[in-house]
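Only one structure is covered here, and it is reproduced in the block below.
Lettering follows sequence order; numbering is per chain, from 1.
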2 protein chains.
Amino acid sequence: MTGTERRGKGVGADGDDSAFLAAYDPRGFPAIAVTVDIVALTLRGGALHVLLVERGGRPFRGTWALPGGFVRAGQESLDAAAARELAEETGLDAAHLERVHLEQLGSYGEPARDPRMPVVTVAYLAFAPDLPEARGGGDATAAAWIPVSRLALGAHQDGRTDRTPARGSTAEDRDRTAGTSGEPDAARPRPSQQGPGHGIDGGDSVPRTPDGTAPGPDAPAPLPLAFDHARIVADGLDRARAKIEYTPLATAFLGEEFTVAELRGVYESVWGSPLHAGNFHRKVLSVPGFVEPTGATAARGGARGGPRARLYRAGGAALLHPALLRPGRDAS
Amino acid sequence: MTGTERRGKGVGADGDDSAFLAAYDPRGFPAIAVTVDIVALTLRGGALHVLLVERGGRPFRGTWALPGGFVRAGQESLDAAAARELAEETGLDAAHLERVHLEQLGSYGEPARDPRMPVVTVAYLAFAPDLPEARGGGDATAAAWIPVSRLALGAHQDGRTDRTPARGSTAEDRDRTAGTSGEPDAARPRPSQQGPGHGIDGGDSVPRTPDGTAPGPDAPAPLPLAFDHARIVADGLDRARAKIEYTPLATAFLGEEFTVAELRGVYESVWGSPLHAGNFHRKVLSVPGFVEPTGATAARGGARGGPRARLYRAGGAALLHPALLRPGRDAS
DNA sequence: CTAATAGTGTCTTTGAGACAATATGGA
DNA sequence: TCCATATTGTCTCAAAGACACTATTAG
């Protein structure tokens, strides 16, 4: 149904559709506002960040919220609206925006999610390479990339301790669905001691809590989000974690050229757990179409020494076969 | 954003939010109608069917469309609206509805998808056991379960020859995303000859085209769908195919108790390809929490003989580990 | 009685993961 | 020099898939 039932006006003449449409009065349907909200993720200094804006208006004035805005009725598609809002908020031009992955995340329409009126928001998820500092667009006081570790997303760090995440579906957190993988992260024992002397915390890794994403010991108070945006961000993170398992989208967080170690850093940051460098390396190169060598090598070795790594660019594959499954899934 | 920007009214008094909300005029936002549409799938006689209604009003009068309707602004959530519409259209009571799996599929908002006005629809996907015949609710002329093989969904049978399907994401067909798996089905060679004398076409299997879902040799003209509903159904099928890989949701198509062969029938019908009976059997029983034995056995053996199969019910797992991956994914 | 079906066993191949080993270059 | 890092090699185990085999029962 796209809407015909119980509300049509001017359904008198039985001629052709054009006559009907001309006589149609579009003001007979229930009043719901439609917005798009963007969960834009990027990596900064090895930590996952979300783009947030500080609200300048009521309600939730002064609270951080997802960037977004109204869909221009009849003028743009949902996808276009999301791209427009993202561009406005980040100040990105079309060229930069091309390198950003944007996909629909899901829609949220609890009756009272906005105290002012019924609002349905279509959430989008974006993966971006390290972008210039955000500028506050619209009437937001400020816009900034905030580490996800600083957000209050639910019971735990990432707000996923009672919900069943998703291999990619949309509304999966709301029913018995469950997507891919994603048992409660907290319930999954992290390999705390993994044999002596292994690159568990080496390299450009991130300070991590037992939960994953790094709030550092001096962690300030967790940031609450406006509306139901904490939930949306949590869903976005779930989706992102699942998505990089089966798609090469982890490369969307990096520049045109990257090393295998940098790619591994993306996975470690998004999943919040260290990966075995050697196995990861072999695995990435073995998946057809994931990455392809540029022939060049990095200008210098690792931070604390080591050979210069080879450079790669994203390959042509749209899906990873076989997939890079997250570790720690063994029930037993 | 849930909506504050560029449109707030009565933002004068700087008091508390309640005063602001009281003065707020909700009629300042763009006019978009919000509907829910349901892609309800079920198995009848071993073939996948979708619930459709014949439109009684313009436009597309007389054309088949997805069941759905307007969201009651401010009164119900999107999920609730979807459940309500599904109940109305199928005539199902709450008890029956409990056995139906319902999840959000994605939102569709092309500016001109409805010629009358801007309409955003939030599509839902439902998996149902074989239900009684549908009754035409609302102002639809008729409602019926239609074999998906009869639908005109795109280039091919299932309309998936140029799009990149999804392991579960929502808007994945619209960008470079790609979800799980789902290369063009047509491009994936089907094991046409698989050794002599194997249950390839035996049992309760379905007549199949090279594409999968069974249009029979006497196939009538493919049924066009109203609006962009062909696309939505195609997305729903993609999602369903991906979903049963990683979740036990295939059991949602069956009754309380079922045999392994019946479960295999679900996979074969949804995926459109035959599965090896022996391997499937062992696999299903080996995945923890997928099914659990009831202790009973079926009243009689297979259609053409054979031992009485044991009965199972759905287990407690929300996710399948390891997953039941679709066959035929080997690039090479 | 015949043929199809339920359920199990075996074997091969692939892939994941644990470790080991070697070479390289930063501090 | 010292040591972390890049990259490759080896070994083991789990799982998928191809087949074979046995028992059972509808027609």
Side-chain angles (χ1 to χ4, degrees), chain A residues 191 193-205 245 258-265 273-288 291 293 297-312 320-332, chain B residues 191 193-205 245 258-265 273-288 291 293 297-312 320-332:
Chain A
Q193 18 74 310
Q194 197 188 63
H198 264 294
I200 303 308
D201 57 332
D204 46 356
S205 68
E245 286 189 309
F258 49 84
T259 67
V260 173
E262 287 168 340
L263 185 59
R264 176 163 49 84
S273 61
L275 300 174
H276 184 104
N279 289 339
F280 180 86
H281 195 279
R282 182 167 4 90
K283 170 73 181 176
V284 164
L285 296 190
S286 76
V287 175
V291 298
T297 62
R300 40 162 296 147
R304 289 186 272 297
R308 281 188 272 268
R310 276 173 272 213
L311 290 173
Y312 297 85
L320 303 184
H321 279 305
L324 268 128
L325 297 180
R326 272 173 282 186
R329 283 263 172 292
D330 307 293
S332 79
Chain B
Q193 19 75 308
Q194 197 188 65
H198 264 293
I200 303 308
D201 58 333
D204 46 358
S205 68
E245 286 189 309
F258 49 86
T259 67
V260 173
E262 288 169 338
L263 185 59
R264 176 162 49 84
S273 61
L275 300 174
H276 184 105
N279 289 339
F280 180 87
H281 192 102
R282 184 168 359 93
K283 170 73 182 175
V284 164
L285 296 189
S286 76
V287 175
V291 299
T297 63
R300 40 161 298 148
R304 287 187 273 294
R308 280 188 274 268
R310 277 172 271 213
L311 290 174
Y312 298 85
L320 304 183
H321 280 305
L324 269 128
L325 297 180
R326 271 174 282 187
R329 284 262 173 291
D330 307 293
S332 78

Of B:Val291, B:Leu263, B:Thr259, the one forming a side chain to side chain contact (heavy atoms under 4.5 Å, CB included) with B:Tyr312 is B:Val291
Side-chain contact check for B:Lys283: nearest option of D:dA16, D:dT7, D:dA6 is D:dA16
note: B:His276, atom NE2; C:dT10, atom P; distance rounded to Å ~ 15 Å
Of all heavy-atom pairs linking B:Phe280 and B:Leu275, the shortest is CD1-CD1, 3.8 Å
Among the nucleotides D:dG9, C:dT8, D:dT8, whichever has the atom closest to the side chain of A:Asn279 is D:dG9
Taken to the nearest whole Å, CZ/B:Arg326 to P/D:dG17 is 13 Å
Separation between NZ (B:Lys283) and NE2 (B:His281), nearest 0.5 Å, reads 14.0 Å
Rounded to whole Å, NE2 of B:His321 lies from P of D:dA16 at a distance of 13 Å
Testing C:dT8, C:dA18, C:dG9 for proximity to the side chain of B:Arg282, the answer is C:dG9
#### Entry: pair B:Thr297-B:Leu311: side-chain heavy atoms closer than 4.5 Å
no
Side-chain contact check for A:Ala261: nearest option of D:dA6, C:dA6, D:dT8 is D:dA6
Whole-Å distance, A:Leu325 CG to C:dG17 P, equals 7 Å
Heavy-atom nearest pair, A:Ala298 first then A:Arg308, reads O-CD, 2.8 Å
**Message:** With a 3.5 Å distance limit and no angle check, can you tell me whether B:Glu245 reaches the backbone of B:Arg326 through a side-chain donor-acceptor pair?
**Reply:** yes
5'-most contact on DNA chain C (nearest-nucleotide basis), B:Gly278 vs A:Pro322, goes to B:Gly278
Here the distance between atom P of D:dT8 and atom CZ of A:Phe280, to the nearest Å, is 14 Å
Separation of C:dA18 atom P from A:Leu275 atom CG, nearest Å, is 11 Å
Taken to the nearest whole Å, CZ/B:Arg310 to C1'/C:dT5 is 13 Å
Between protein and nucleotides 23-27 of chain C, what N or O pairs are separated by less than 3.5 Å?
residue: C:dT24; atom: O2; partner: A:Pro307; partner atom: N; Å: 3.2
residue: C:dG25; atom: OP1; partner: A:Arg308; partner atom: NH2; Å: 3.4
residue: C:dG25; atom: O4'; partner: A:Gly306; partner atom: O; Å: 2.9
residue: C:dG26; atom: O4'; partner: A:Gly305; partner atom: N; Å: 3.3
residue: C:dG26; atom: O3'; partner: A:Arg300; partner atom: NH2; Å: 3.2

Considering just the side-chain nitrogens and oxygens of A:His281, establish if one lies under 4.0 Å of OP1 or OP2 belonging to D:dT7. yes
All heavy atoms of A:Asn279 vs all of A:Arg282, minimum pair found to be OD1-NH2, 3.0 Å
To the nearest angstrom, the CG-C1' distance between B:Leu263 and C:dG7 comes to 15 Å
